[in-house]
Amino acid sequence: MLATQDLIQKLETKKIPRYRAIQVIHAVCKEGKTSYATITTLPLELQRELETEVPILSLKQVRQVASKDGSTIKTLFELHDGLKIEAVLMHFKDGRHTVCISSQAGCQLGCKFCATGTMRFGRNLTYEEISDQVLFYAQQLHHQDQRISNIVLMGMGEPFMNYDNVLKALRVINDPDGMNIGARNITVSTSGICEGIEKLINEDLQVNLAVSLHAPNQELRKKIMPIANKYSLEQLMTAIKNYQDKTHRRISYEYVMLKGINDSEEVAHQLGKLIQGQLCHVNLIPYNATGIINIEGSIPEQIRKFRDIVKEYGVPVTIRVTLGQDIQAACGQLANKAAKEGEIAKQKPLEVQIKNS
Ligand code: SF4
């Protein structure tokens, strides 16, 4: 769905008063209406006009799979040009309903452990395509008398490579007259695009920042995350320090546990030393084997040992609960599976440079 202001402008060019746009946004976001025909406050003629000219959702569900325990629902969407993206809804035992969304179709950054990184890059998503992943699940939950509690941008793509559209989408998601999901319940996760972190400092939107660290030294980081060739660990730590000094907000470090790669005791000490004293939290993420990449996840005992060492440095650290392992819940896995099964048209490669913004 368009942002309220964009919808108002669009309708005003047709001499339709702005209150109609507000009625539409309210019906779609607050009442879970999925078609104009059911928005009975609108005149019939306008319902028909909007149905053809302003689609409620800019993406179409291709496939939806649920984990056996029902905790995780993953949806594969098709965009207007045939590209596919994924979004996941996770129901946690504490009552949270978290949606993980994508910011790009594919990803250019090629992290060695990531299924999305093995796909060809399609393009940046529009703000509507990003916020509509949330709207889709918000409408589904509305019909079950539930509400989304958290949003994480940890799906396909690097959010800061699509900065402007991501920020606009977040404003749409946060809009009190629309989906009304609090900024403090939204987390943007970056693999370490320093300019994005610096830019976020000056936004008036108080979203949470997560940094996918995955390695506490430059050499190891370069091995598993090619983005470290562009932004060194030192530059990343400087950007994080600026962010923390200016916003006084806690950041989360994401750390995926890869057997024999980044899970040794020595590396745990390095991580503890690197971030001790920071206002932060570390999430150790058990690795979902992708079936596409030849990397295994660390064994639970090693993850616990790693956690205990990091804790010795006074760093808050937890092991993330993993959901949906039976449905390829890690980002890019469903899209990859669909590609193999011929559901995905070949995604066009696109050369995009990492810009200094
Ligand atoms: S982990 Fe994130 S940044 Fe890295 S390749 Fe996958 S989607 Fe891209």
Side-chain angles (χ1 to χ4, degrees), residues 74 76-77 83-88 99-125 129-130 133 151-163 165-166 169 187-197 200 209-215 220-233 235-236 239-240 251-258 261-262 283-295 297 320 322 324 328-339 344 347 349-355:
K74 186 162 192 169
L76 183 70
F77 296 106
L83 292 173
K84 305 285 198 299
I85 58 162
E86 305 170 351
V88 185
V99 175
C100 176
I101 58 174
S102 299
S103 54
Q104 298 180 303
C107 183
Q108 298 149 290
L109 301 191
C111 299
K112 301 295 179 207
F113 47 83
C114 173
T116 301
T118 65
M119 297 171 66
R120 283 205 276 173
F121 180 69
R123 63 170 168 82
N124 282 338
L125 302 188
E129 289 163 342
I130 299 167
Q133 298 165 58
I151 302 295
V152 293
L153 273 98
M154 294 184 185
M156 299 169 79
E158 161 54 57
F160 288 159
M161 295 285 282
N162 186 15
Y163 189 93
N165 286 326
V166 164
T187 300
V188 180
S189 175
T190 180
S191 58
I193 308 284
C194 296
E195 284 92 347
I197 297 172
L200 194 65
L209 176 66
V211 173
S212 296
L213 191 60
H214 307 320
L220 181 56
R221 204 160 188 272
K222 264 174 30 185
K223 270 190 199 150
I224 57 176
M225 300 181 75
I227 191 65
N229 291 300
K230 168 88 182 169
Y231 302 99
S232 69
L233 185 62
Q235 287 171 305
L236 177 58
I240 290 170
I251 74 153
S252 302
Y253 286 109
E254 307 296 310
Y255 195 100
V256 67
M257 297 296 297
L258 308 171
I261 296 175
N262 66 353
N283 287 311
L284 299 179
I285 308 167
Y287 182 63
N288 261 340
T290 62
I292 300 158
I293 300 157
N294 195 17
I295 290 180
R320 178 169 293 164
T322 50
Q328 292 89 33
C331 93
Q333 281 182 273
L334 187 61
N336 254 300
K337 188 164 184 271
I344 293 188
Q347 308 214 344
L350 183 68
E351 282 300 317
V352 180
Q353 297 296 317
I354 300 170
K355 286 191 208 123

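For ligands, and for the atoms within them, numbers begin at 1 and follow the listed sequence. The analysis underlying the following values was restricted to heavy atoms, covering all of them including side chains, and did not include hydrogens, waters or symmetry mates.
Applying the side-chain contact (heavy atoms from CB on, under 4.5 Å) criterion to K223, with sequence neighbours excluded, gives E219. Among residues two or more places apart in sequence or in another chain, the side-chain hydrogen bond (donor to acceptor under 3.5 Å, both in side chains) test is passed with Y253 by Q278.
Among the atoms of C114, no N, O or S atom is found under 2.8 Å from atom 4 (Fe) of ligand 1. With a cut-off of 2.8 Å, atom 6 (Fe) of ligand 1 has no N, O or S atom of C107 in range.
Put simply, CG on L236 and OH on Y231 are 10.5 Å apart, with the number rounded to the nearest 0.5 Å.
For the 3.5 Å distance criterion, the side chains of E158 and T190 qualify, holding a donor opposite an acceptor.
Listed by number with element, the atoms of ligand 1 under 4.0 Å from a non-hydrogen atom of G157 are 7 (S). The contact set between ligand 1 and G110, taken as ligand atoms under 4.0 Å from a residue heavy atom, comprises 5 (S).
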